[in-house]
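In what follows, a single structure is set out as C-alpha cells and then discussed.
Model, not experiment: these values are computed from the prediction.
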Amino acid sequence: MLEELKKKVYEANMLLPKYKLITFTWGNVSEVDRESGLFVIKPSGVDYDKLRPEDMVVMDLNGNKVEGDYNPSTDTPTHLELYNAFPAIGGVVHTHSTHAVAWAQAGKDIPCYGTTHADYFYGNIPCVRNLTAEEIDEAYEKNTGKSIIEAFKDRDPMHCPGAVCKNHGPFTWGKDAFEAVHNAVVLEEVAKMNILTLTINPQVQPAPQSMQDKHFLRKHGPNAYYGQGNR
C-alpha cells in the first residue's frame, strides 16, 4: 500500500542525518496522500542506519494504523493534528536541531533579521506556548499539535511554514515531505544566524518591513518572479 509514498517518505527521513538536523533517532518526517486520506510516517525509535522504505507506517487521518510492522513515531498525533487543521500542507517534519532548539528552550520567537529568513518565512517564526500540566497528562503529542494550530489562528501556515515549541523543538511543513525538510534546514540555519547576530549586536532590530515584504513576495504569491517559472 502506498509503496511510492513510503519510498519518498523514507528518502525524506534520510535527509535529516544528511543535513545534520538530528542525532540518533531524534526526528521524523511524514507525508499525506489527500486523495486516499492516508499518511506515511517514520516508525518510532528505529535507527536511521537500519531504516528501510518498507518500515514506514501508514496511518489514516483519524489516527488509526492502516499498515506497518512497527509502531508509528510518537509524534504521529502532532502530525495528524497539523494535517487535519492545515489542508494546504502535504508534509511535516520534526527535529531536535541544535540552534532551533536553543530558541525553543529560551522561549523566544525567531525574529526576521535578514533576507535569508524573509525568503522562506514571513515574519517571526513563533515560539509556541508551553502546554499546561493537564494538556501534557491528557494527550501530550496531540495537544502539541493543537498548540501550534492555536499559534497560527491569525496567520497563513504556508507563509510561515514552521514553529518552535517552547522547551521542545521545531516543527516544519510544506507542500510535500521534501519541501518540509527543506524548510527545516532553512529554519535551523536562520536560528544559527540569529544567535551569531545577537552575539555581535545584542541590540539588533528586525529587517525593515519593506525588505521583508520584497524578499518573501518575490518568491511567493501571484506576482512572484524568483526562479525560471516566468521565462
Side-chain angles (χ1 to χ4, degrees), residues 5 8-22 26-32 34 39-42 73 75-76 78-104 108-128 144-145 147-149 151-152 155-166 168-195 207 212-213 215-221 224 226-227 229:
L5 187 57
K8 184 177 181 181
V9 171
Y10 163 79
E11 291 172 351
N13 270 283
M14 297 308 292
L15 292 175
L16 300 187
K18 175 182 177 179
Y19 288 111
K20 297 180 170 53
L21 294 177
I22 62 162
W26 306 350
N28 44 76
V29 182
S30 71
E31 182 171 322
V32 66
R34 295 287 182 183
F39 67 98
V40 174
I41 193 166
K42 177 186 174 288
S73 166
D75 294 303
T76 297
T78 309
H79 292 237
L80 176 63
E81 290 298 316
L82 296 178
Y83 286 135
N84 283 329
F86 301 151
I89 73 174
V92 175
V93 173
H94 173 53
T95 76
H96 287 245
S97 60
T98 303
H99 299 90
V101 166
W103 285 90
K108 297 291 187 181
D109 291 357
I110 303 177
C112 182
Y113 290 144
T115 61
T116 310
H117 180 135
D119 280 340
Y120 295 93
F121 295 88
Y122 191 54
N124 289 356
I125 299 167
C127 181
V128 177
T144 296
S147 69
I148 296 171
I149 295 161
F152 281 82
R155 299 184 71 174
D156 184 340
M158 298 308 286
H159 285 182
C160 182
V164 294
C165 294
K166 190 174 181 183
H168 186 185
F171 284 85
T172 59
W173 47 85
K175 69 179 187 296
D176 61 15
F178 290 130
E179 185 173 272
V181 172
H182 186 94
N183 290 333
V185 173
V186 175
L187 191 155
E188 173 62 12
E189 286 300 307
V190 167
K192 180 180 179 180
M193 290 174 183
N194 281 11
I195 291 169
Q212 293 188 42
D213 292 347
H215 271 262
F216 185 81
L217 294 173
R218 73 177 188 167
K219 275 194 167 186
H220 308 273
Y226 180 87

If I compare all heavy atoms of [X] with all of [Y], which pair ends up nearest, and what's the gap?
| X | Y | answer |
| --- | --- | --- |
| Leu21 | Thr95 | O-CB, 3.5 Å |
| Ala184 | Thr172 | CB-OG1, 3.4 Å |
| Lys175 | Met158 | N-CE, 4.2 Å |
| Thr98 | Glu188 | N-OE2, 3.7 Å |
| Arg34 | Ile89 | NH2-O, 2.9 Å |
| Ala100 | Ala191 | N-CB, 3.7 Å |

Can you check whether [X] reaches [Y] side chain to side chain, under 4.5 Å on heavy atoms?
| X | Y | result |
| --- | --- | --- |
| His159 | Phe216 | yes |
| Val9 | Asn13 | yes |
| Val29 | Tyr10 | no |
| Glu189 | Thr116 | no |
| Pro170 | Val101 | yes |
| Cys127 | Lys108 | no |
| Leu15 | Val185 | no |
| Tyr122 | Leu217 | no |

Next on the checklist: Angle between ring planes, Phe86 versus Trp173, binned at 30° and 60°: parallel, tilted or perpendicular?
Outcome noted: tilted

Checklist entry - Can you say whether the rings of His96 and His94 are parallel (under 30°), tilted (30 to 60°) or perpendicular (over 60°)? => result perpendicular

Checklist entry - Distance from Asn183 atom CG to Phe178 atom CZ, nearest 0.5 Å? => result 14.0 Å

Next on the checklist: How long is the straight-line distance from NZ of Lys166 back to CG of Asp109, given to the nearest 0.5 Å?
Outcome noted: 11.0 Å

Checklist entry - Do other residues, nucleotides or ligands put more than 12 heavy atoms under 6.0 Å from Tyr19 OH? => result no

Next on the checklist: Quick check on Lys219: does its NZ atom have over 12 non-hydrogen neighbours (other residues, nucleotides or ligands) under 6.0 Å away?
Outcome noted: yes

Given 3.5 Å as the limit, does a donor-acceptor pair link the side chain of [X] with the main chain of [Y], or not?
| X | Y | value |
| --- | --- | --- |
| His220 | Asp119 | yes |
| Gln212 | Ala207 | yes |
| His117 | Gly123 | yes |

Checklist entry - What do the steps show when you test Val164 against Leu187 for side chain to side chain contact (heavy atoms under 4.5 Å, CB included), and what is the final call? => result CA-CA 9 Å; Val164 294; Leu187 191 155; 4.3 Å; yes

Next on the checklist: Using the rule given for side chain to side chain contact (heavy atoms under 4.5 Å, CB included), can you reason through Phe39 versus Leu80, listing the C-alpha separation, both sets of side-chain angles and the distance that settles it, and then say yes or no?
Outcome noted: CA-CA 9 Å; Phe39 67 98; Leu80 176 63; 3.9 Å; yes

Item to check | Derivation of the side chain to side chain contact (heavy atoms under 4.5 Å, CB included) call for Thr144 and Phe171 | outcome: CA-CA 10 Å; Thr144 296; Phe171 284 85; 4.0 Å; yes

Item to check | Pair Asn28, His79: side-chain N/O donor-acceptor within cut-off below 3.5 Å | outcome: yes

Item to check | Evaluation steps, side chain to side chain contact (heavy atoms under 4.5 Å, CB included), between Trp103 and Asn194 | outcome: CA-CA 10 Å; Trp103 285 90; Asn194 281 11; 3.5 Å; yes

